[in-house]
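None of these values were measured; they are calculated from a predicted model.
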Amino acid sequence: LVASSLGNVANVYHSQGKEAEALRYHARALTIREQALGPDHPDVAGVLGNLGVVLRALGRYDEALQHHRRALAIWERVLGPDHPDVARCLNNLGVVLESQGKYDEAMASYQRGLAIREAALGPDHPRVASSLLNVGSLFGLQGKIGAATAALERARAIFAKAYDADHPLMATTLCSIGDLLQMQGKADEARRPYERAIAIWEKAVGPDHPDLSAGLTGLARALLSLGDAERALALAERAIRIREVAHAAAEELADTRFVLARALVALGRDRPRALALATQARDLFTDAGAATVKKRREVEAWLAARGAR
């Protein structure tokens with residue numbers, strides 16, 4: 001009972017984007033579960049999965065990976081390799097592997113989870129759409145635009161059928177579509193899905209929730225490409241405040257700081273701050289590892305072009 005209560009409190013903190021607090025409560029719940037049930041009980045696997053999600057949000061990828069792999073081993077042993085709970089664990093594992101730049105391993109994990117969910121739940125279940133969302137986003141990072149578009153549009157269609165138009169999962173999908181359009185140089189087309197995602201998140205989770213920062217940063221980046229640096233600056237300032245309060249992962253902080261730096265320079269404002277933000281972004285991308293090498297090099301080139309190192 002105590003462990004369940006701790007887990008519930010942790011989940012509330014996680015839903016609010018307060019990951020450090022969530023981590024503390026999940027860790028206490030894990031200790032209690034292991035002492036009461038042993039290290040290989042399904043309830044222990046559930047807590048391990050929750051801890052993995054929170055650790056990934058905090059940028060602690062190696063620890064997150066260990067927790068998810070341990071949870072996966074328990075679920076496979078207890079439930080078999082084709083149970084939906086195994087698929088959930090595979091999905092979470094893939095998110096961490098993607099964050100580490102291990103794209104082939106991440107895709108294998110996502111696609112195995114997708115196959116399990118389609119077989120167990122049917123092709124139009126919302127959990128299938130969640131898997132498609134991850135598959136589509138990763139296809140985009142791999143430059144497979146056609147496959148990415150197909151997966152994301154299928155996810156959007158499933159979510160639209162299952163939920164109302166203002167559901168947070170619709171916002172997540174729209175934000176991913178905006179990211180994909182930007183990868184193709186279609187900043188003007190990307191604006192609308194970002195704006196719609198922001199409106200949904202503001203209504204569903206409030207104006208300061210960490211989820212919102214992805215849409216704000218994406219829209220700011222698109223507006224910079226379109227020459228609207230003034231609005232981009234306001235959005236990036238808002239996004240960085242949210243991410244700093246939430247102690248966001250290194251890559252997320254770096255993304256927003258670099259967009260903010262570019263907006264300041266585009267407007268001819270506070271060059272020292274802009275260079276400091278870009279330097280911080282470069283260092284954070286370095287800390288984030290292999291997944292962000294391309295982004296780090298972009299920042300390095302930007303700094304070098306402005307006589308900074």
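Taken from CG in Leu97 to CE in Met107, the straight-line distance is 12.0 Å, to the nearest 0.5 Å.
There is no side-chain donor-acceptor pair under 3.5 Å between Ser131 and Arg88.
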* Could you please spell out the steps behind the side-chain contact (heavy atoms from CB on, under 4.5 Å) verdict for Gln111 and Leu90? => CA-CA 9 Å; Gln111 290 186 324; Leu90 287 164; over 6 Å; no
* Candidate pair Glu195 and Leu174, rule side-chain contact (heavy atoms from CB on, under 4.5 Å), full reasoning -> CA-CA 9 Å; Glu195 289 170 344; Leu174 288 164; over 6 Å; no
* Can Glu76 and Arg112 be said to form a salt bridge (Lys or Arg N to Asp or Glu O under 4.0 Å), step by step? -> CA-CA 13 Å; Glu76 287 182 321; Arg112 183 184 161 202; 2.8 Å; yes
* For Arg33 and Ser4, what are the C-alpha separation, side-chain angles and deciding distance, and is it a side-chain hydrogen bond (donor to acceptor under 3.5 Å, both in side chains)? -> CA-CA 9 Å; Arg33 293 285 194 200; Ser4 294; 3.0 Å; yes
* To do: Could you walk me through whether Arg221 and Glu298 pass salt bridge (Lys or Arg N to Asp or Glu O under 4.0 Å), step by step?
  => CA-CA 14 Å; Arg221 188 183 295 111; Glu298 180 186 358; over 6 Å; no
* Report the C-alpha distance between Trp201 and Thr172 in whole Å, list the side-chain angles of each, state the deciding distance to 0.1 Å, and finish with yes or no for side-chain contact (heavy atoms from CB on, under 4.5 Å). => CA-CA 9 Å; Trp201 273 320; Thr172 303; 3.7 Å; yes
* Asked: Please walk me through it: do Leu132 and Leu152 pass side-chain contact (heavy atoms from CB on, under 4.5 Å)?
  -> CA-CA 6 Å; Leu132 286 166; Leu152 292 176; over 6 Å; no
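Residues Met170 and Asp166 are not in side-chain contact: their nearest non-hydrogen atoms beyond the backbone lie 4.5 Å or more apart. The shortest distance between side-chain heavy atoms of Arg306 and Arg271 falls below 4.5 Å. The shortest side-chain heavy-atom distance between Ser109 and Glu98 does not fall under the 4.5 Å cut-off. When side chains are defined from C-beta on, Lys144 does not count as touching Leu138, because their heavy atoms never get closer than 4.5 Å. In this structure, Arg127 and Asn91 have side chains that are not in contact, with every pair of non-hydrogen atoms separated by 4.5 Å or more. You'll find the side chain of Pro210 stays beyond 4.5 Å of the side chain of Glu19, heavy atoms only. Side-chain contact between Val47 and Asp43 is absent, with no heavy atoms from C-beta onward closer than 4.5 Å. Residues Leu212 and Val205 have side chains not in contact (no heavy-atom distance under 4.5 Å, counting atoms from C-beta outward).
Hydrophobic clustering, with ILVMFWY side chains joined whenever heavy atoms are under 4.5 angstrom apart, keeps Leu169 apart from Tyr194. The same ILVMFWY cluster, assembled from side-chain heavy atoms under 4.5 Å apart, contains both Leu79 and Leu93. Linking ILVMFWY side-chain heavy atoms closer than 4.5 Å, directly or via other members, places Leu181 and Leu216 in two distinct hydrophobic clusters. Connection of Leu260 to Leu235 is not established within any shared hydrophobic cluster, with ILVMFWY side chains joined at heavy-atom distances below 4.5 Å, either directly or through further cluster members. Tyr61 and Leu55 fall within a single hydrophobic cluster, where Ile, Leu, Val, Met, Phe, Trp and Tyr are joined by side-chain heavy atoms under 4.5 Å apart, directly or via other members.
The two residues Trp75 and Gly46 make their nearest non-hydrogen contact at CZ2-N, 3.8 Å. In terms of heavy-atom proximity, Gln182 sits nearest to Ala190 at CG-CB, 3.7 Å. The two residues Ala220 and Val259 make their nearest non-hydrogen contact at CB-CG1, 3.7 Å. A pairwise comparison of heavy atoms in Leu275 and Ala308 identifies CD2-CB, 4.2 Å as the closest pair. Pairing each heavy atom of Arg243 with each of Ser213, the nearest pair is NE-OG, 2.8 Å. Considering every non-hydrogen atom in both Gly136 and Ala151, the closest pair reads CA-CB, 3.6 Å.
Ring geometry for Tyr13 versus Tyr25: interplanar angle of 30 to 60°, hence tilted.
Annotation: cation-pi geometry not satisfied between Arg156 and Phe159 (NZ/CZ under 6.0 angstrom from ring centroid, within 45° of ring axis).
Of the options Val95, Val53, Leu51, a side-chain contact (heavy atoms from CB on, under 4.5 Å) to His68 is made by Val53 and by none of the others. Test Lys294, Lys295, Arg296, Arg56 against Glu251 for salt bridge (Lys or Arg N to Asp or Glu O under 4.0 Å) and you get one pass: Lys295.
A ring-ring contact (aromatic ring centres under 6.0 Å, His included) check over residues 83-109, counting only residues at least two apart or in different chains, returns nothing.
In summary, Arg257 and Glu244 engage in a salt bridge, as defined by a charged side-chain N under 4.0 Å from a carboxylate O. Electrostatic pairing of Asp40 and Arg70 does not count as a salt bridge here, judged by no charged N lying under 4.0 Å from a carboxylate O. Ion pairing between a basic and an acidic side chain is recognised when a charged N comes within 4.0 Å of a carboxylate O; Glu230 and Arg269 show such pairing.
Open room surrounds CG on Asp104; 12 or fewer heavy atoms of other groups in view lie less than 6.0 Å from it. The environment of Arg192 atom CZ is sparse: at most 12 non-hydrogen atoms of other residues, nucleotides or ligands sit within 6.0 angstrom.
Listed for the Arg191 side chain is no donor-acceptor partner under 3.5 Å among the backbone atoms of Ala187.
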